[in-house]
Amino acid sequence: MDGITNNKRKAIIATNNNMKFNEIKGLLTKFDCISLQELECKINEETIDSKESIQNRALQKAEMFSKYFNEICLADKAMLQIEKLNGWPGNVCDGCFDLIGDCLVDLTLELLGNYKKRNAIFTVATAIYYPNGKNIVIFTETLEGKITGEARGTNGLGFDKIFELSNNHYSRFNGKTLAELTNEEKKLVSPMRKAYKKVSDMANITLPYRYI
């Protein structure tokens, strides 16, 4: 694998989810993005400690694939915390949402039942790891909202269909789920998109390890 293709830095996006990969690739226009599926990667994430912070889990994931392929790697970890459920699901779905995603969404709605207090926080940590192990940056973005009574929308992944925006700076989005927003609208509020947008803005990064 060459380090640079068409004057772009080659970077592995640590996901096997095609929809997610295409979403991220559309944001990282300064990188030549490659998915784990393209690389036919069979490495699993069982070695990542789910008890670590979301930032450290994203870093561990990026480091693991970067060292294996000797390429820049970008990885993220997401966490949904629901106030009424004492922060659940938190890390419960870490690394397995592609397999049990719909079931987990249904379970979330079932557990909340008819509770009126449905406040939630969605957090995404994105890590960039360079093969030299020195240039590392971690971005963290959060989004406040609440859980709907039913799934709504088709333009989204994971909990996007039941995460409704509230008290958002862009008031016109309040009352909509992430999955009900267009791609252009999601760029303004989605924590995953905002985190990867920061990555794109720092394509020529030479910074030391730090959190942002």
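Model, not experiment: these values are computed from the prediction. Here, residue 1 is the first one in the sequence, and each next residue gets the next number.
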#### Entry: side-chain contact (heavy atoms from CB on, under 4.5 Å) assessment of Met192 paired with Ile24
CA-CA 9 Å; Met192 184 184 79; Ile24 295 171; 4.3 Å; yes
### Task
Please test Lys186 against Asp160 for salt bridge (charged side-chain N to carboxylate O under 4.0 Å, His left out), starting from the C-alpha separation and ending with a verdict.
CA-CA 11 Å; Lys186 288 177 74 173; Asp160 287 0; 3.4 Å; yes
### Task
Could you give me the CA-CA distance, side-chain angles and deciding distance for Ile13 and Ile34, then say whether side-chain contact (heavy atoms from CB on, under 4.5 Å) is met?
CA-CA 6 Å; Ile13 309 301; Ile34 308 167; over 6 Å; no
### Task
Please lay out, stage by stage, how Lys84 and Asn119 fare under the test side-chain contact (heavy atoms from CB on, under 4.5 Å).
CA-CA 7 Å; Lys84 188 65 179 180; Asn119 297 338; over 6 Å; no
### Message
Determine whether Trp88 and Thr108 satisfy the following criterion, side-chain contact (heavy atoms from CB on, under 4.5 Å), listing intermediate values before the conclusion.
### Response
CA-CA 9 Å; Trp88 191 91; Thr108 300; 3.4 Å; yes
### Message
Would Glu83 and Arg118 count as a salt bridge (charged side-chain N to carboxylate O under 4.0 Å, His left out) here? Give the steps.
### Response
CA-CA 7 Å; Glu83 184 177 343; Arg118 307 171 78 88; over 6 Å; no
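The number of heavy atoms from other shown groups lying within 6.0 Å of CD (Glu144) does not exceed 12. Taking a 6.0 Å sphere around NZ of Lys25, one finds it holds 12 or fewer heavy atoms contributed by other residues, nucleotides or ligands.
Nearest heavy atoms, Ile162 versus Ala151: CG2-CA, 3.8 Å. Nearest heavy-atom pair, Leu165 versus Thr177, reported as atom, atom and distance to 0.1 Å: CD1-C, 4.3 Å. Listed here is the closest heavy atom pair of Ser166 and Gly145: OG-CA, 3.4 Å. When all heavy atoms of Ala75 and Ala62 are compared, the closest pair comes out as CB-N, 3.6 Å. A pairwise comparison of heavy atoms in Phe122 and Pro191 identifies CD2-CG, 3.4 Å as the closest pair. Of all heavy-atom pairs between Lys77 and Lys61, the closest is CE-CD, 3.9 Å.
The CG atom of Leu80 lies 5.0 Å from the CD1 atom of Ile147; values are rounded to the nearest 0.5 Å. The line from CG of Asp76 to OG1 of Thr140 is 11.0 Å long, rounded to the nearest 0.5 Å. Rounding to the nearest 0.5 Å places CD1 of Ile138 at 11.5 Å from CZ of Arg57. Rounding to the nearest 0.5 Å gives a distance of 5.0 Å between CG of Leu36 and CZ of Phe65. To the nearest 0.5 Å, atom OG of residue Ser35 and atom CG of residue Asn22 are 8.5 Å apart. The structure places OG of Ser190 at 13.5 Å from NZ of Lys197, a figure rounded to the nearest 0.5 Å.
Both Leu28 and Phe139 sit in one connected hydrophobic cluster of ILVMFWY residues. Membership requires side-chain heavy atoms under 4.5 Å apart, directly or through other members. The hydrophobic clustering, which links ILVMFWY residues whose side-chain heavy atoms are closer than 4.5 Å, places Phe159 and Phe173 together. Cluster membership check: Leu39 shares its hydrophobic cluster with Met64, using side-chain heavy-atom separations under 4.5 Å among Ile, Leu, Val, Met, Phe, Trp and Tyr. Connection of Tyr115 to Ile121 is not established within any shared hydrophobic cluster, with ILVMFWY side chains joined at heavy-atom distances below 4.5 Å, either directly or through further cluster members. A single hydrophobic cluster is not seen to contain both Ile54 and Leu143; linkage of ILVMFWY side chains at heavy-atom distances under 4.5 Å, directly or through other members, places them apart.
Counting only heavy atoms from C-beta outward, the side chains of Leu107 and Leu109 never approach each other to under 4.5 Å. Under the 4.5 Å side-chain criterion, counting only non-hydrogen atoms from C-beta, Ile12 is not in contact with Ile72. Within the 4.5 Å cutoff, the side chain of Arg193 has heavy atoms near those of the Asn183 side chain. Side-chain contact check for Arg9 versus Tyr130: some heavy-atom pair is nearer than 4.5 Å. Within the 4.5 Å cutoff, the side chain of Glu52 has heavy atoms near those of the Gln60 side chain. Within the 4.5 Å cutoff, no side-chain heavy atoms of Leu111 are placed close to those of Ile82. A 4.5 Å side-chain heavy-atom check between Val199 and Phe31 finds at least one atom pair inside the cut-off. Two residues are said to be in side-chain contact when any heavy atoms from C-beta on lie closer than 4.5 Å; Glu164 and Arg152 meet this criterion.
With salt bridges taken as basic N to acidic carboxylate O contacts below 4.0 Å, none links Glu71 and Lys10.
For Asn18 and Gln37, the side-chain atoms include at least one donor-acceptor pair closer than 3.5 Å.
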